[in-house]
Amino acid sequence: MAWDTGVWKQMFQELMREVKPWHRWALTPDRGLLPDVLKPGWMQYQQWTSARFQCSSCSRNWNSSQVLVLFHMHWSEEKSRGQVKMRVFTQSCKKCPQPLFEAPEFTQENTSRVLKNLVFQILKKCYRERFQLIEEVPVIKDISLEGSHDRDHCEACLQGFCARPLQIMNLPQSWTPRVYSIYNVEEGVEPWPSRENGCSKACQSHTCRSLSISCCCVILIVIVIIVVKTTL
């Protein structure tokens, strides 16, 4: 089964509704997307992940741990609407004389992890929300690999975009990331405080400082009066 865009769209919508239920976001594939070629107001996120390929000519299968997934993001605050354009780079069979570039097949868990990292980047870059202990959720190396990365049959490499190897962590099967686990927010700290809460806390802090200064001034005046009376 090739790359299922419907699964990615549905999972992305579910994740965005959990963090921004009142905002509308759309994820659409775009084969013309290029790294670092952005329209004004758009931002970029890219991640390398693992996937499986199958040749449509000879039915040969192979695995790759360096599949580039590219996202371009745009947020309109006036319309409360966001757009994400997505491109998955393909690979070709090294056994066939004239191979076609094939779309990858992703596991559901790696799809989920890539999209959770995307949602985190949207919150960080589009909404400018701050987090503590920021780390991406690593993809899982759950498929066997056939040696080193084949650059001669990688679309991203042939176009000069596959610049670095992917570092993949093996995580225990029992580890399942929650929606908010990708943000790694410290316990007791709000994951994304609203502007009203931030202003309220700032005002409270300013009021406390003002009261402290006033108390110190009153105490100092009382001490001076006592000293003066004692001297007289």
What is the distance from atom [atom1] of [X] to atom [atom2] of [Y], rounded to the nearest 0.5 Å?
X: Asn110; Y: Thr49; atom1: CG; atom2: OG1; answer: 4.0 Å
X: Leu118; Y: Met16; atom1: CG; atom2: CE; answer: 8.0 Å
X: His74; Y: Leu38; atom1: NE2; atom2: CG; answer: 11.0 Å

Please determine, by modelled atom types, if Thr28 and Gln83 share a side-chain donor-acceptor pair under 3.5 angstrom.
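No.
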Does Glu155 come within less than 4.0 Å of Arg31, counting only side-chain N to carboxylate O?
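Salt bridge flag = yes for Arg31 with Glu155.
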Restricting to non-hydrogen atoms, name the atom on Cys93 and the atom on Cys58 that form the minimum distance, rounded to 0.1 Å.
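Looks like SG-SG, 3.8 Å.
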What are the two closest heavy atoms between Cys126 and Met73, and how far apart are they?
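Heavy atoms only, the tightest pair is SG-CB, 4.2 Å.
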Answer yes or no on whether Lys20 is positioned over the face of Trp75, meaning its NZ or CZ is under 6.0 Å from the six-membered ring centre and within 45° of the axis.
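Lys20 over Trp75 ring: no.
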Between Tyr45 and Ile122, does the side-chain contact (heavy atoms from CB on, under 4.5 Å) criterion hold? Intermediate values first, please.
CA-CA 9 Å; Tyr45 170 63; Ile122 289 174; over 6 Å; no
Step through the shown structure and confirm whether more than 12 heavy atoms of other residues, nucleotides or ligands are within 6.0 Å of CZ on Arg128.
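Atom CZ in Arg128 is not crowded, with 12 or fewer foreign heavy atoms closer than 6.0 Å.
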Does a sphere of radius 6.0 Å around NZ in Lys125 hold more than 12 heavy atoms from other residues, nucleotides or ligands, not counting ones at 6.0 Å or beyond?
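It does: Lys125 NZ has more than 12 such atoms within range.
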Establish, yes or no, whether a centroid distance under 6.0 Å links the rings of His153 and Phe53.
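No, ring centres 6.0 Å or more apart.
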Given His149 and Gln91, is the side-chain contact (heavy atoms from CB on, under 4.5 Å) satisfied, shown in steps?
CA-CA 11 Å; His149 181 56; Gln91 294 184 15; 3.8 Å; yes
With side-chain contact (heavy atoms from CB on, under 4.5 Å) as the criterion, how do Leu70 and Phe161 come out once you've worked through the C-alpha distance, each side chain's angles and the decisive distance to 0.1 Å?
CA-CA 10 Å; Leu70 174 66; Phe161 303 136; over 6 Å; no
Parallel, tilted or perpendicular: which one describes the rings of Trp8 and Phe71, with boundaries at 30° and 60°?
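Ring orientation of Trp8 relative to Phe71: tilted.
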Checking side-chain contact (heavy atoms from CB on, under 4.5 Å) for the pair Cys96/Cys55: CA distance, chi angles, key distance, verdict?
CA-CA 9 Å; Cys96 293; Cys55 179; 3.7 Å; yes
